Amino acid sequence: MQNFTYKNPTEILFGKGMISGIAERIPKEKGVLFLYGGGSIRKNGVYEQVRVALKGHRFTEFSGIEPNPLYETCLRAVEIVKKEKIGFILAVGGGSVLDAAKFIAAAACFQQSDAWAILREHGANVKDALPIGTVLTLPATGSEANGNAVISRKATQEKLPFYSPRVFPQFSVLDPETTFSLPLKQVRNGIVDAFVHVMEQYMTYPVQAPLQDRMAESVLQTLIEVAPVTLKKPKDYAARATFMWSATMALNTLIGCGVPQDWSSHMIAHELTAFYGLDHAETLAIVLPGVWQYKLTAKKKKLEQYGKRIWGVKTAKEAILKTEAFFHSLKMPTRFGDYQIAVNEAAGKVRERFSERDSVFGEHKDITPDAAAKILASRA
Ligand SMILES: [Fe+2]
């Protein structure tokens, strides 16, 4: 097992009716920015519940955070934070709203004039941030209990992640009932995103960390088991609760302790979203099997372990096929052809982007720009 430090300061309020708990957790003297997305929270009752909970607080609403939250939109929110002397950010929505909240919280305290530097340096230059609380309405990203965020910049077609321990939410409310009205496509996307988050921390090489392996496998197994149920019965509380908690456990940093991590699928997938506008999970489902196939020898031991324990198959290749079949069972395509995207063009664009940034990824730092292009070229 590798050395690690572990600290997760986020308090989780899990279950129906828990939104009311936010009031006592936000200091009364702080002005609150109530941040949300396109208005789905106005239809599912969450907006009203939050307003009721905030009735003793001074708050300002900011809506219109888009999927793949834009830097440009976040900067408008930062201006309001400064003008209104906001001291606390309450993000209500899915991972995009939560990620935007993290960037706004950091950018509002950032001393340099160019806030994009936060993304360029992946958060290493974040010295301070406003406190954040969240009400999660879409299980997927794990953003409710980690210090990660991904922000897109429209002007340059870039999509970059940052991490800072200063942007972990102070609390996150996870009420499965808030997810009952989600479109099935978003649920499918959430299942795949959470599944791939586990894989980025698991599908590398063995380091004698059997507990982390089995915790990761238990999240995978639970997702596989609950996926068809929660897609078929959106209002089944038990299934939604299981899915919601699984997505949090997939990326609250626990299963990644002391093990090598990959993340090349995410980094390549971000570029595809930036260039082609595909949903985050859609790009992951294309890229992940390609990364595994490309790294078949280096990942063989873990692929075999996963195949045997999760799917009851013997070989690494069978494990990859089973994974693709699982995605297909959720009606999630896994090839560029499903989106009429020219594979060589995509491979070329991503190679160029990574070359410009001198990027290399993966647990062995060998996913070079050329490797990324080869991986994409294999996914026609
Ligand atoms: Fe993700």
Side-chain angles (χ1 to χ4, degrees), residues 37 65-70 91 93-103 119 122-123 134 136-152 158-164 167-169 172 174 179 182 185-204 216 219-220 223 227 243-256 261-292 323 326-327 330 332-334 350 359 361-363 367 372 375:
I65 300 296
E66 45 292 272
N68 302 306
L70 289 178
S96 296
V97 179
L98 274 52
D99 283 11
K102 291 174 180 178
F103 180 74
L119 280 314
H122 304 300
T134 88
L136 182 71
T137 61
L138 170 53
T141 67
S143 195
E144 64 277 13
N146 64 41
N148 304 320
V150 190
I151 300 294
S152 298
E158 286 176 280
K159 179 174 178 180
L160 291 175
F162 83 97
Y163 165 81
S164 170
V167 298
F168 271 76
S172 284
L174 279 64
T179 74
L182 282 173
K185 190 181 178 199
Q186 292 195 19
V187 177
R188 173 204 74 167
N189 284 354
I191 294 164
V192 171
D193 193 21
F195 190 90
V196 179
H197 290 157
V198 177
M199 288 306 186
E200 299 280 24
Q201 304 162 83
Y202 170 86
M203 194 55 74
T204 55
V219 179
L220 297 173
L223 283 168
F243 167 40
M244 201 168 204
W245 189 228
S246 299
T248 302
M249 290 302 292
L251 197 46
N252 67 352
T253 74
L254 181 63
I255 63 170
Q261 301 195 18
D262 183 342
W263 295 103
S264 58
S265 292
H266 265 73
M267 297 311 290
I268 298 169
H270 287 336
E271 298 305 322
L272 297 178
T273 297
F275 284 126
Y276 297 104
L278 298 187
D279 293 350
H280 175 55
E282 291 175 331
T283 58
L284 291 173
I286 297 172
V287 177
L288 182 80
V291 169
W292 287 359
T323 306
F326 170 59
F327 292 161
L330 307 174
M332 174 63 86
T334 56
V350 172
S359 301
F361 304 111
E363 66 273 22
I367 304 298
I375 287 164

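Predicted model, so just to flag it, every value in this text is computed and none were measured. First listed ligand is number 1; within each ligand, the first listed atom is number 1. Residue indices begin at 1 and follow the sequence shown.
Nearest heavy atom pair, residue P333 against residue A285, reads O-CB, 3.5 Å. Between N148 and S143, the shortest heavy-atom contact is O-OG, 3.6 Å. Minimum interatomic distance between G290 and I375 (heavy atoms only, all atoms of both residues): C-CG2, 3.7 Å.
Around the Fe ion (ligand 1), protein atoms of type N, O or S found under 2.8 Å number 4.
Relative orientation of the Y163 and F168 rings is perpendicular, given thresholds of 30° and 60° on the angle between their planes. Using cut-offs of 30° and 60° on the angle between ring planes, the pair F103 and F162 is perpendicular.
Residues forming a side-chain contact (heavy atoms from CB on, under 4.5 Å) with S246 (at least two apart in sequence, or on another chain): V219, T222, L223, T242.
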